[in-house]
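Everything below concerns the one structure shown next.
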Amino acid sequence: MQSLIPTSVGGGTAAHLNVSYLGFALFGFLGACGEAESSAQAAGSQSDSADVQIVENVRDSWQPGEQWRLGPEPLIDIGGIDRTLPEELFEVEGAIRLTNGDIVIANVGTQELRFFDSTGAHRLTVGGKGGGPGKFEYLRWVRRWRGDSVVAYDGWGRRLSFFDRRGRLGRDVTIRTIAGISFFWVLGVFRDGSMLARAPAMWSNDEHPEGISRNPDRLFHIAADGTSFADSVGWTPGEEVFAFRWGGGRYTQWTPYFARETWYEIHDDTYYVAANDTYEIKAYTPTGILQAVIGKYHEHLPITREDIEFVRERVGRLFSWIPGADRRRFDDAMTFAETMPAFGRAGSSQRGVAVDAQANLWVLEYNRPGDERNRWTVFDADGILLGTLSVPDGLEILDIGDDYVLGKWQDDLDVEHVRLYELVKPTM
């Protein structure tokens with residue numbers, strides 16, 4: 001794994017402990033003593049356990065004046081209701097910035113990749129609806145690969161298309177069916193071209209229990225030519241879903257507020273698994289060998305009566321069409337945990353973790369329902385907690401470089417924009 005855990009850490013922000021990993025019970029004591037600690041004491045600790053590096057963080061390591069921040073206004077704003085056709089965006093599912101400043105947007109509403117230059121002017125469009133080379137039936141995401149190559153994934157066609165920075169199609173890779181698995185998504189591409197796929201365990205509508213349940217995900221490492229390896233690389237907890245059957249055999253399923261979820265990110269030859277049951281992120285090799293656990297001392301927010309009332313009122317508006325008796329059953333089936341997840345966002349489709357170009361790990365802090373603040377906590381490539389920065393409210397992060405953040409934002413009319421902000425990193 002590249003530059004994840006160093007043999008030494010400078011700056012007094014971490015200490016090496018020759019102990020086995022025992023979770024974060026240690027943090028209860030460290031957190032209580034935080035005010036009494038001197039500035040020379042460690043903000044966190046690292047340890048080895050059976051060749052797995054453990055990074056336990058207690059407090060920020062940014063000093064005053066070192067905090068990262070975003071510029072006050074976007075440098076580029078693509079989209080909006082008054083734009084011409086190429087700039088009109090609909091169902092953006094991803095965007096990346098290339099080294100020359102060009103921006104590539106996955107516009108799922110038209111099944112296209114749209115290329116814009118460093119000023120935000122439209123340059124070209126590739127793709128479109130279809131099953132032929134470089135076309136998409138269901139465009140799921142776009143990623144950078146090996147510098148400035150662009151790779152896009154067609155979920156229905158089970159095909160990856162590789163383009164150069166000029167939008168020219170290099171090759172398509174169709175993924176063969178994994179034995180015994182009828183449904184899976186490719187999550188990303190490693191540096192050697194092999195892939196990580198997620199196959200959620202699934203019930204049919206008739207079999208799915210009512211109320212909140214959680215199925216596991218099975219992960220597969222797929223060879224670069226699209227053939228799958230014989231065995232999966234592991235199981236992880238999936239996302240909680242709320243299921244309900246109502247009159248006439250009709251069925252609905254959705255992700256509830258306060259759901260425990262799992263996000264996956266790939267950077268070079270490492271994939272990260274972030275299940276928000278606890279505040280820790282695990283890093284693996286492509287073949288599923290656990291390399292590191294990165295965590296932060298965290299106290300889960302309690303779910304209050306006010307939180308429940310807020311959620312019930314909002315859900316009530318969304319499902320106001322459910323008739324009387326079914327509606328009462330629906331309300332009874334909607335139960336709540338005692339505490340909120342460790343990170344992510346209640347009732348949001350925004351991912352809970354991201355990895356930037358320098359292998360820094362970004363984690364979205366959890367808010368109470370109705371709190372629209374957009375706060376991300378950053379861990380460096382060695383797993384050391386740097387600190388937390390604010391991102392403009394409503395900005396859904398899509399790509400993070402060394403000096404920029406690229407995201408999707410919707411205006412008051414719910415019209416989509418892709419915005420580029422400067423990422424300012426003060427030097428002392």
Side-chain angles (χ1 to χ4, degrees), residues 3-6 8-15 27 30-31 33-46 55-76 97 265 267 272 274 276 279-281 294-299 301 342-345 348 350-368 371-409 419-428:
S3 71
L4 184 62
I5 306 296
S8 63
V9 178
T13 60
F27 286 167
L30 292 176
C33 298
E35 294 300 321
E37 289 180 342
S38 70
S39 59
Q41 288 180 295
S45 65
Q46 293 187 24
V55 188
E56 301 170 334
N57 292 282
V58 181
R59 67 171 186 269
D60 297 0
S61 58
W62 274 333
Q63 299 301 313
E66 294 180 343
Q67 293 88 347
W68 296 356
R69 67 182 187 276
L70 264 61
E73 299 295 334
L75 301 176
I76 295 175
R97 191 181 191 220
E265 289 291 321
H267 181 79
Y272 299 83
N276 66 1
Y279 207 122
E280 65 178 31
I281 294 89
I294 302 165
K296 185 185 82 166
Y297 172 73
H298 175 78
E299 293 183 1
L301 293 172
F343 53 87
R345 175 64 58 81
S348 171
Q350 181 167 195
R351 60 182 174 177
V353 296
V355 181
D356 68 22
Q358 305 300 318
N360 300 307
L361 180 68
W362 294 52
V363 180
L364 178 62
E365 290 299 306
Y366 208 90
N367 295 340
R368 292 193 178 280
D371 182 353
E372 299 300 326
R373 289 178 300 166
N374 203 351
R375 299 169 300 136
W376 289 79
T377 294
V378 183
F379 301 81
D380 71 11
D382 305 318
I384 302 302
L385 172 60
L386 298 178
T388 301
L389 72 156
S390 294
V391 172
D393 294 347
L395 186 73
E396 180 180 337
I397 289 180
L398 301 175
D399 183 29
I400 311 171
D402 185 45
D403 59 359
Y404 70 87
V405 168
L406 186 67
K408 181 173 76 171
W409 178 79
R419 289 182 160 182
L420 178 76
Y421 286 85
E422 180 186 12
L423 176 58
V424 181
K425 300 178 179 179
T427 56
M428 301 299 291

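All of these numbers come straight from a predicted model, not from anything done at the bench.
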Side-chain ([X]) to main-chain ([Y]) donor-acceptor, under 3.5 angstrom:
X: D371; Y: R373; answer: yes
X: R345; Y: E372; answer: no
X: N57; Y: G383; answer: yes
X: N374; Y: P392; answer: yes

Which heavy atom in [X] sits nearest to a heavy atom in [Y], and how many Å separate them?
X: R375; Y: L364; result: O-CD1, 3.6 Å
X: R351; Y: W376; result: O-CH2, 3.6 Å
X: G401; Y: A357; result: CA-CB, 4.0 Å
X: S61; Y: E66; result: O-OE1, 3.9 Å
X: A274; Y: V353; result: CB-CG1, 3.6 Å
X: G65; Y: P426; result: O-CB, 3.1 Å

Got [X] and [Y] here, is their nearest side-chain heavy-atom distance under 4.5 Å?
X: V405; Y: W68; value: no
X: E265; Y: L361; value: no
X: V55; Y: F379; value: no
X: D399; Y: Y404; value: yes
X: D356; Y: L423; value: no
X: L386; Y: W62; value: yes

[atom1] of [X] to [atom2] of [Y]: how many Å apart, nearest 0.5 Å?
X: E396; Y: K408; atom1: CD; atom2: NZ; result: 4.5 Å
X: N360; Y: D382; atom1: CG; atom2: CG; result: 9.0 Å
X: L395; Y: L406; atom1: CG; atom2: CG; result: 8.5 Å
X: E56; Y: E280; atom1: CD; atom2: CD; result: 9.5 Å
X: R59; Y: L385; atom1: CZ; atom2: CG; result: 10.0 Å
X: Y421; Y: I397; atom1: OH; atom2: CD1; result: 11.0 Å

Positive for side chain to side chain donor-acceptor pair (under 3.5 Å) with Y279, one of E365, E299, H298
E365
Run F343 and T377 through side-chain contact (heavy atoms from CB on, under 4.5 Å) and show every step you take.
CA-CA 10 Å; F343 53 87; T377 294; over 6 Å; no
Non-neighbouring partners of E422 that pass side-chain contact (heavy atoms from CB on, under 4.5 Å), sequence neighbours left out
L75, V424
